[in-house]
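Read through the structure below, which is laid out as structure tokens, and then see the notes.
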Amino acid sequence: MFKKVLVANRGEIALRVIRACKELDIKTVIAYSYEDRESIPVKISDEKVCIGPSSSDKSYLNMAAIAEAVLQTNADAVHPGYGFLSENPSFAGVCRDLNVTFIGPSIPLMKYLSNKLEVKKRLKRANIPTILGSDGVVQSAGEAKEIARKIGYPVLFKAVWGGGGRGLRIVREEKDIENAFSAAREEARVSFGKADVYMERFIEHPKHVEVQILADKFGNVIHLFERDCTLQRRHQKLLEESPSPFLSEKKRKEILDAAVKIARILNYENVGTVEFLLDEQGNFYFIEINTRIQVEHPVTEMCTGIDIMKEQIKLAAGEKLNINQKDVNVKFHSMECRINAEDERFIPSPGRIEKLFIPGGPGVRVDTAIYGGCSVTPYYDSLIAKLIVRGNTRDETIGRMERALDEFIVEGIKTNIPFFKKIVSSDRFKNKDYDTNYIDRNF
Amino acid sequence: MFKKVLVANRGEIALRVIRACKELDIKTVIAYSYEDRESIPVKISDEKVCIGPSSSDKSYLNMAAIAEAVLQTNADAVHPGYGFLSENPSFAGVCRDLNVTFIGPSIPLMKYLSNKLEVKKRLKRANIPTILGSDGVVQSAGEAKEIARKIGYPVLFKAVWGGGGRGLRIVREEKDIENAFSAAREEARVSFGKADVYMERFIEHPKHVEVQILADKFGNVIHLFERDCTLQRRHQKLLEESPSPFLSEKKRKEILDAAVKIARILNYENVGTVEFLLDEQGNFYFIEINTRIQVEHPVTEMCTGIDIMKEQIKLAAGEKLNINQKDVNVKFHSMECRINAEDERFIPSPGRIEKLFIPGGPGVRVDTAIYGGCSVTPYYDSLIAKLIVRGNTRDETIGRMERALDEFIVEGIKTNIPFFKKIVSSDRFKNKDYDTNYIDRNF
Amino acid sequence: MDIKLIRKLIALMQESEITEFRYKDGDLYISLRKGQPQTSSVQSKPAVEKEIGKTDEERELVEIKSPMVGTFYRSPSPGAPPYVEEGQSVKKGDVLCIIEAMKIMNEIEAEFPCIIKKVMVKNAQRVEYGTTLFLAKRT
Amino acid sequence: MDIKLIRKLIALMQESEITEFRYKDGDLYISLRKGQPQTSSVQSKPAVEKEIGKTDEERELVEIKSPMVGTFYRSPSPGAPPYVEEGQSVKKGDVLCIIEAMKIMNEIEAEFPCIIKKVMVKNAQRVEYGTTLFLAKRT
């Protein structure tokens, strides 16, 4: 097992890594920006190294500074959290050169999986359902038109390299193909450094379901059931729950089996998330596989009682998976709201938190690094807390989420707590009457 | 079901009641003292009535004022929490006269159970193991000496009416009987209004185990397994866990069966806790039954996933118990530390909490009403938070408790967090090498 | 500045439950506050609140508060004249109103001689512990 | 200003629970607040920190901080003389030291003309972003 893990992240996920390390008796070093010098992760980490000023590119994205911090502190592993350098094969390469473990999948695997089109082709050959689309990179607007005529409108342009909603363009009529094609290419180029895009048929009212995978270096693969991430705003997840309210028992089994099969085909290792779309008829299609710990991993932890972060660290250290599939069971229904520092128009609202009361009591978990008197800076993501609750049924879970949102007091900055109160108490949410476009169309 | 519950308590337990009511869609009224006007329970309750000044006897123990608040707000039930009026049959009588439900057992049952000696005699007849002792109230020091000679030293004087460690006296030699007898009587008289004491053989190194009971008005009784409360200081519980580390599977079954049998014999209803002592040989003896929700109920909630507070309210409303014994299972190991505002010498340390960071992350629950900037007053109990964690094993749970204590930041007042860090990380705690006297003898 | 005076004032505040002290005499103005510094951006706020919308006289008024939760009655029985009217002078010990709690009629007496300037609660209205019943001016 | 008086007032507030003090007498106005600098009292806090426990000269000194995490070297190579000594004057652009990060030697230059008053870090010591390397006096 590792002796000392360097945490190359901030906020709640840095704290989450430190918590797991403490429970595993591993020392921690946090590499932090000057802006975060008074943060809780910096305060409770065993060691700390200030790696740069506020702006991410000079600190949390600064590979040389992080590498130097690794050398200074003799850490033997690096945890990248999510975002920042977590899916960057170059950074994994820096770690390899320093002879320390990058906590994530192997570099070749990361590189291979970042080519979404290639992965899709390979899985299609193995009879995994994928969305109808172009067979490769779309080279011209003319070619795009041809393909669109074949697969039928509406169609979607997607970046081959990267994700997170950037490089996406929906086209409903042939006349819009040309503009959309060049806009998608430009956005992909700016965001991921490569302009390549491919095409898929666009599903109008999809649900978004993902399966949590654990895999060791010895070929053992298990799933920890699914998470439903259908409630999104502009392709950003807002609320996740497990089990998915949209799956029949039969469909659930199919999708879980498919996810494990995909992980095996790709020789996947470490923790990963296999993402699927469900169409209006309940058919599911593979979208992509994420190689990092996900923001929403606590939903699965609350359902199953398995500590995914600790498992990830153990797997990265080369340990054999010591959980059998048959021992993994869904003990509870669980749900997460991503609490962001933003106003009613979803615009970031940094500032100083004056009064704070964090929900507690039965079935409530809050992952956060904020405290009364702390400042929420404009430099980073606006996620300030994850409110996760569990109950014995979906109804109990929703009731608990409502009361937890009610007692969550954050004064001094604006948050999306009022927005979540509306969503969670709405009939459409309670009656499972929504898809991934629900928020964009109604709020 | 009730429409509106008046909460006749304060702090974390008032918040706990409000949380359960919110989840059950019941409106709440909090009856609060002027001192608590800015507290979280007052802030989040649907209605509030200030019933008196800071001192408890003029507010939280002021039956007339609480009754008036019930009338003013048309509440149809009163939740007394723990402490204050929760075990006071007179207050239950006031509620009956107001035609509102006192959330707890029936008045005759409360009255009957407060006579610990009578209960003991009845259970002894039903072959429930009880500790060897006097057959009734001890009338004189002379009688006490005779009994002591029969049952053997050391012996214990106990108050017939009341509990909580008051009225207790241990005697190791005959020469001390007279002083102890009169001191125990005097303390019992001052604390409970009646001087009657009885005698028992004193167990030198006992463990303390209690069983959580749920019982409805239709004769259905189930247990939610046991809690171990062996870690005490001067008969005040400090840390509770479940399952008990001191019970074999066989002994566990015996003690759980005994608890259910006791509840049936006594026609028990509502939630209750049956307390036992274990002697050095592992034999168990009934001590008493508590008729209130216990401070440590979250330990069982974390283990089983059952919301005891919600069950209590439903049972008080006359609902039938809808949980079968076979569906109750121990999903996790769980542990609670009672965080008190007190210094290293266990002396209360009131004051203003400046900076506060409350632990979070997987498997951690905190029940508290404190927040950064709030004041901890000297008027009430020094319990400011309950830190409860769960894990898949006792080891994981202890590791998690250690890291949660590590990240618990309370600045401005002193707490017993450093004390718990010492206890929880000690070999004696980890190796289960302690009894109820461990703290008193070693700290 | 008379530092001894300041020291005495602080000592007085220390041993009492007084949390705020303000004093003005001609050019001299002293203000002291104790505890709860978080509200301190409020610094000028209470003063402003007092100054806006309140006359000099109101600033001198004393609040007479309810000592219990109950129902407020201005007169001993329905139809009877009120114990006190606005503008009326009362002596220490005079009954000001009744608070009914649990069917018991509690007569609330003046704790000091004063003029009742304003009745703050309607007849038969429910009051809590601490509800302001009257504004009065000490005499 | 009567600094002794202020000192006494501060001492009084320190040992008491008083969190705010305001005093006005004619033209004289003094306001003091204690605790929780987060709000507006931040204003005076850094200044006070500078004044307590620092000499006049120190108050004028500027901290030259490390712009990166790495290892601090005073000279271009082992055995070579240091780039700067205490008391030495430097021009804008003069090299002050080297910070080695990831095997790259980064020369740290003076951003303004100054006299190096104190070297704060030992040779070959590890530094973080923001570690104070030198105290200097602008010239």
Side-chain angles (χ1 to χ4, degrees), chain A residues 6 8 10 29-38 42 45 47-75 78 90-91 93-95 97-100 351-356 370-376 411-413, chain D residues 17 19-20 33-46 48-50 62-74 76 78 95-112 119-135:
Chain A
L6 182 135
R10 63 178 303 283
V29 183
I30 184 150
Y32 66 100
S33 80
Y34 189 70
E35 186 74 21
D36 285 333
R37 65 196 178 280
E38 288 178 5
V42 172
S45 178
E47 292 179 56
K48 59 200 176 85
V49 180
C50 184
I51 51 168
S54 311
S55 81
S56 304
D57 57 331
K58 289 179 184 151
S59 49
Y60 296 109
L61 293 170
N62 183 345
M63 293 192 224
I66 295 169
E68 181 64 25
V70 169
L71 286 181
Q72 282 203 1
T73 57
N74 289 312
V78 174
S90 307
F91 182 62
V94 168
C95 292
D97 296 346
L98 293 170
N99 210 14
V100 299
R352 200 180 116 85
I353 294 177
E354 298 295 342
K355 186 172 173 182
L356 177 69
I370 60 172
Y371 54 90
C374 80
S375 287
V376 177
E411 291 177 5
I413 59 168
Chain D
E17 287 170 30
T19 54
E20 191 172 331
R33 195 178 312 153
K34 193 174 71 175
Q36 298 294 89
Q38 76 268 35
T39 36
S40 47
S41 58
V42 176
Q43 199 178 355
S44 57
K45 201 187 142 213
V48 168
E49 281 183 345
K50 288 253 156 121
V62 183
E63 297 178 335
I64 298 176
K65 296 182 172 185
S66 174
M68 65 186 73
V69 58
T71 306
F72 172 84
Y73 292 109
R74 289 192 59 187
V95 175
L96 301 175
C97 64
I98 278 177
I99 306 283
E100 178 192 349
M102 296 311 294
K103 313 261 153 71
I104 294 168
M105 300 296 171
N106 301 281
E107 293 185 338
I108 307 303
E109 297 174 356
E111 290 178 357
F112 45 82
V119 184
M120 302 295 284
V121 179
K122 288 208 187 73
N123 196 52
Q125 186 181 318
R126 287 173 166 180
V127 295
E128 297 173 86
Y129 172 84
T131 301
T132 300
L133 306 174
F134 304 97
L135 291 182

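Each chain gets a letter, A, B and so on, in the order its sequence line appears, and its residues count up from 1.
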Quiz prompt | Least distance between heavy atoms, D:V69 atom then A:Q72 atom | solution =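 D:V69 and A:Q72 have their closest heavy atoms at CG2-NE2, 3.7 Å.
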Practice problem: Name all residues meeting the side-chain hydrogen bond (donor to acceptor under 3.5 Å, both in side chains) criterion together with D:S66; count only those two or more places apart in sequence or in a different chain, and write none if there are none. | Solution: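 For D:S66, no residue satisfies side-chain hydrogen bond (donor to acceptor under 3.5 Å, both in side chains) once neighbours in sequence are set aside.
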Practice problem: Can you establish whether the number of heavy atoms outside A:E411 located under 6.0 Å from its atom CD is more than 12? | Solution: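 More than 12 heavy atoms, drawn from other residues, nucleotides or ligands, come within 6.0 Å of this atom.
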Quiz item: Heavy-atom count around A:E38 CD within 6.0 Å, excluding the residue itself: above 12?
Solution: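 Incorrect, the count does not exceed 12.
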Exercise. Report the C-alpha distance between A:Y32 and D:E128 in whole Å, list the side-chain angles of each, state the deciding distance to 0.1 Å, and finish with yes or no for side chain to side chain contact (heavy atoms under 4.5 Å, CB included).
Key: CA-CA 10 Å; A:Y32 66 100; D:E128 297 173 86; 3.6 Å; yes
Quiz item: Residues of residues 56-69 of chain A under 4.5 Å from chain D (heavy atom pairs)?
Solution: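 So far as heavy atoms go, A:A64, A:A65, A:A67, A:E68 are the residues that approach chain D to under 4.5 Å.
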Exercise. Taking salt bridge (charged side-chain N to carboxylate O under 4.0 Å, His left out) as the test, write out the residues that go with D:R74, two or more places apart.
Key: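 Residues passing salt bridge (charged side-chain N to carboxylate O under 4.0 Å, His left out) with D:R74: D:E85.
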Quiz item: For chain A, which residues from residues 98-108 of chain D have at least one heavy atom closer than 4.5 Å to it?
Solution: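 Heavy-atom contacts from residues 98-108 of chain D to chain A are D:E100, D:A101, D:M102.
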Quiz prompt | Segment of D:T131 engaging chain A (4.5 angstrom heavy-atom cut-off) | solution =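 Neither part.
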